Amino acid sequence: QLQLKESGGGLVQAGGSLRLSCLASGRTFSSYGMGWFRQAPGKEREFVAATSWSGGNQYYADAVLGRFSISRDNTKNTVWLQMNSLKPEDTGVYYCGADTPNGRVFPVLRPDEYSHWGQGTQVTVSS
């Protein structure tokens, strides 16, 4: 079983930066592709970024391409989301998710294809 816990959210002005962390418990972390999603009030959870199990591949939503960067360290059971040039429309609860162990599909873009989720961390970008 894999448990995920996000941290690093907060309130930031437009143009600022935040770095989100997702710490996983469980020895099988390295076998999971990982993704970051976000959910604004009244909206569905949307894909932000994904990294393959090895960290060798990354994929981004068009809305964040060039501003956000996903990375992972399997020795630390951690995946990060570096967010730069933040905009008010980036506001929402950010969730990290783990897809399926030893999955052969990348990127995994749909929330229902993720098997484990953290509790989320709030990001608020003021204008």
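Just so it is clear, the structure is predicted and the values come from calculations on it, not from any experiment.
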Please give me the minimum heavy-atom distance between [X] and [Y], naming the atom from each residue.
| X | Y | result |
| --- | --- | --- |
| Val93 | Gln122 | CG2-OE1, 3.2 Å |
| Gly8 | Leu18 | O-CD2, 3.8 Å |
| Ile70 | Tyr60 | N-OH, 2.9 Å |
| Tyr32 | Pro101 | CE2-CD, 3.5 Å |
| Cys22 | Leu4 | SG-CB, 4.0 Å |
| Ser127 | Ala14 | CA-CB, 4.4 Å |

Hey, is [atom1] on [X] packed in by over 12 heavy atoms from elsewhere, all under 6.0 Å?
| X | atom1 | answer |
| --- | --- | --- |
| Asp112 | CG | yes |
| Gln3 | CD | no |
| Trp80 | CH2 | yes |

Q) Which class fits the ring pair Tyr59 and Phe106: parallel under 30°, tilted 30 to 60°, perpendicular over 60°? A) perpendicular

Report the distance from atom [atom1] of [X] to atom [atom2] of [Y], rounding to the nearest 0.5 Å.
| X | Y | atom1 | atom2 | answer |
| --- | --- | --- | --- | --- |
| Thr28 | Asn74 | OG1 | CG | 10.5 Å |
| Leu81 | Thr51 | CG | OG1 | 11.0 Å |
| Tyr95 | Gln39 | OH | CD | 5.0 Å |
| Lys5 | Ser21 | NZ | OG | 11.5 Å |
| Leu2 | Met34 | CG | CE | 6.5 Å |
| Thr121 | Arg38 | OG1 | CZ | 14.0 Å |

Under 3.5 Å, is there a donor-acceptor pair between the side chain of [X] and the main chain of [Y]?
| X | Y | value |
| --- | --- | --- |
| Asp73 | Thr78 | no |
| Ser52 | Asn57 | yes |
| Gln82 | Ser69 | no |
| Arg72 | Gly55 | no |
| Asp99 | Gly33 | yes |
| Ser17 | Leu86 | no |

(Q) Any non-hydrogen side-chain atom of Met83 less than 4.5 Å from a side-chain atom of Val123? (A) yes

Same cluster or not: are [X] and [Y] linked, directly or through other Ile, Leu, Val, Met, Phe, Trp or Tyr residues, by side-chain heavy atoms under 4.5 angstrom apart?
| X | Y | value |
| --- | --- | --- |
| Trp36 | Leu23 | no |
| Val108 | Val48 | no |
| Leu109 | Phe68 | no |
| Val64 | Phe47 | no |

Q: Kindly determine whether Tyr114 and Phe37 satisfy ring-ring contact (aromatic ring centres under 6.0 Å, His included), including the steps that lead there.
A: CA-CA 11 Å; Tyr114 281 72; Phe37 287 71; 5.0 Å; yes

